[in-house]
Participant: 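The structure is given below, and queries will be raised subsequently.
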Amino acid sequence: MTPDPVAPVIAVDGPVGSGKGVICHRLAKALGFHLLDSGALYRLIGLAARKHGVPLDDEDALADLAHELDIEFRPTSDPEEPLSVHLEGEDVTRAIRTDQAGTDASVVAPLSRVREAIKALQRSFKKPPGLVADGRDMGTVVFTDAEAKIYLTASAEARAERRYKQLIDKGISVSLHDLFLSIQARDDRDMNREVAPLVPAPDAIIIDSTDLTIDQVFEQVLTIVGEKIG
Ligand code: DC
C-alpha cells in the first residue's frame with residue numbers, strides 16, 4: 001500500500017442498512033474530507049436510463065450513458081442533506097432516494113461495462129485533503145490502495161429493525177417482516193453477483209454494529225482512522 005499523505009482515502013464498504021451513509025457523512029465532515037457516495041452514482045445511472053428510455057438490461061447503451069453522465073453534487077446549508085444531486089441540470093436529490101431508484105440501481109450495478117464506465121469518475125473524487133468513499137467495492141476494486149479500509153456490517157434482523165423504526169418515526173406504516181425479506185434479497189444480489197461482489201477486502205477492519213449505537217460505531221471508526229492516517 002502506498003500511503004498518500006496529500007489525499008488519503010478511507011474506504012467504507014458494507015451491506016444495505018449498515019449505517020455506512022450516516023457514518024461516512026459524519027466522518028467526512030469531522031475530517032473536512034470529500035465524500036463519494038458511490039451508490040448515488042448507480043442510482044443516477046438508473047434514473048438517466050429511465051429519462052432517456054434506455055432499457056435496464058441494455059448493457060452497452062447503459063455503459064455509454066454512464067460514460068457521459070452529466071451530474072453535479074452541490075453543497076447545501078442543510079446538515080441533514082449536505083449535498084444536493086443534479087442530473088443534466090435537474091435537482092434529483094429526492095428522486096434518487098426512492099425505492100424504485102434503489103431497485104433500478106441494483107439492476108444496473110451488476111453490469112461489468114457499467115461498473116467499468118464509472119471507475120475513473122469515482123477515482124476523480126480523490127483530492128486533497130482526502131476522501132471518504134462509501135460503497136460496496138471501494139476497498140476491493142476502486143481504491144485498492146486506500147489508507148484505511150472499513151467493512152461495516154450488522155445482522156439482517158438489526159438492519160431491518162433500524163429501517164422499521166426510521167419509517168415508523170416518519171409515520172410510514174410498514175411490515176418488519178417485509179423489510180427483513182427485502183434486505184435479505186438486496187444482500188443476496190449484492191453479495192452473490194459475479195462482478196465486484198460485496199465482500200470485505202482482506203485488509204479491511206470489520207465492525208459489526210448489531211449491538212452498537214451509531215455513536216459507538218463512529219468512535220471505533222475514528223480510532224481506526226487515527227491509527228491508519230494519524
Ligand atoms: O448504497 P445504495 O443503496 O445507494 O446503493 C444502490 C445500489 O448500488 C445497491 O444495490 C448496490 C449498488 N452499489 C454497488 O454495486 N457498488 C457500489 N460501490 C455502491 C452501490
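One-based numbering along the sequence shown. Because the structure is a prediction, the values reported are computed rather than measured. Each ligand, and each atom within it, is numbered from 1 in the order the structure gives.
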Participant: Test salt bridge (Lys or Arg N to Asp or Glu O under 4.0 Å) on E72 and R74; report intermediate values, then the result.
Facilitator: CA-CA 6 Å; E72 202 190 333; R74 294 185 200 152; 3.2 Å; yes

Participant: Does the distance from a Lys or Arg side-chain N to an Asp or Glu carboxylate O, for E116 and K119, drop under 4.0 Å?
Facilitator: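 Looking at K119 together with E116, the answer is yes, because their closest N to O distance falls below 4.0 Å.
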
Participant: Does a salt bridge link D104 with R43, judged by any charged N lying under 4.0 Å from a carboxylate O?
Facilitator: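 No salt bridge links D104 with R43.
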
Participant: Quick one: are Q184 and L181 in side-chain contact, heavy atoms under 4.5 Å?
Facilitator: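 They are in contact (side-chain heavy atoms under 4.5 Å apart), so the answer is yes.
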
Participant: Within ligand 1, which atoms have a heavy atom of R43 less than 4.0 Å away?
Facilitator: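 Under 4.0 Å from R43, ligand 1 has these atoms: 2 (P), 3 (O), 4 (O), 6 (C).
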
Participant: A side-chain contact here means heavy atoms from C-beta on lying under 4.5 Å apart; do T140 and D137 qualify?
Facilitator: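 They are in contact (side-chain heavy atoms under 4.5 Å apart), so the answer is yes.
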
Participant: For atom NE2 of H177, is the number of surrounding heavy atoms from other residues, nucleotides or ligands below 6.0 Å larger than 12?
Facilitator: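 No, the 6.0 Å shell around NE2 holds no more than 12 heavy atoms from other groups.
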
Participant: Counting non-hydrogen protein atoms only, what is the nearest one to atom 8 (O) of ligand 1? Give residue, atom name and distance.
Facilitator: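 Of every protein heavy atom, Y42 CB, 3.7 Å lies nearest to atom 8 (O) of ligand 1.
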
Participant: Counting from 1, what ligand 1 atoms have a heavy atom of M138 closer than 4.0 Å?
Facilitator: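 So the answer, numbered in order with elements, is 18 (N).
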
Participant: Using 4.0 Å as the upper bound for N to carboxylate O, is an ion pair formed by R159 and D187?
Facilitator: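 Salt bridge: yes.
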
Participant: Give the atom numbers and elements of ligand 1 that come within less than 4.0 Å of a heavy atom of S38.
Facilitator: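 Those atoms are 17 (C), 18 (N), 19 (C).
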
Participant: Does K20 pair with D13 as a salt bridge, N-O distance under 4.0 Å?
Facilitator: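 No, no charged N to carboxylate O under 4.0 Å.
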
Participant: Does a donor on one side chain and an acceptor on the other come within less than 3.5 Å for D91 and T93?
Facilitator: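 Yes, side-chain donor-acceptor contact under 3.5 Å.
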
Participant: Test your reading of the structure: does R136 have an N or O sitting under 3.5 Å from an N or O of ligand 1?
Facilitator: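 In this structure, R136 places an N or O atom under 3.5 Å from an N or O of ligand 1.
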
Participant: With a 4.0 Å cut-off on heavy atoms, is D190 touching ligand 1?
Facilitator: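 In this structure, D190 qualifies as a contact of ligand 1 - some heavy atom is under 4.0 Å.
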
Participant: Please list, in number order, the atoms of ligand 1 under 4.0 Å from a heavy atom of S106.
Facilitator: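 Taking each heavy atom of S106 in turn, ligand 1 has 10 (O) under 4.0 Å.
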
Participant: Among protein heavy atoms, which sits nearest to atom 20 (C) of ligand 1, and what does the distance come to when rounded to 0.1 Å?
Facilitator: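 Minimum-distance protein heavy atom for atom 20 (C) of ligand 1 reads G39 CA, 3.5 Å.
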
Participant: Less than 3.5 Å between some nitrogen or oxygen of D137 and one of ligand 1, yes or no?
Facilitator: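 There is such a contact, yes.
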
Participant: As an exercise, identify every atom of ligand 1 less than 4.0 angstrom from a heavy atom of A109.
Facilitator: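 Within the 4.0 Å cut-off of A109, ligand 1 contributes 12 (C), 15 (O).
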
Participant: Looking at ligand 1, is there an atom of it that comes within less than 4.0 Å of some heavy atom belonging to R115?
Facilitator: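 Heavy atoms of R115 do come under 4.0 Å of ligand 1.
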
Participant: Got the closest protein heavy atom to atom 7 (C) of ligand 1, with its distance?
Facilitator: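 In this structure, atom 7 (C) of ligand 1 has A105 CB, 3.7 Å as its nearest protein heavy atom.
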
Participant: Check whether any heavy atom of R193 sits under 4.0 Å from an atom of ligand 1.
Facilitator: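 The answer is yes, since R193 has a heavy atom less than 4.0 Å from ligand 1.
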
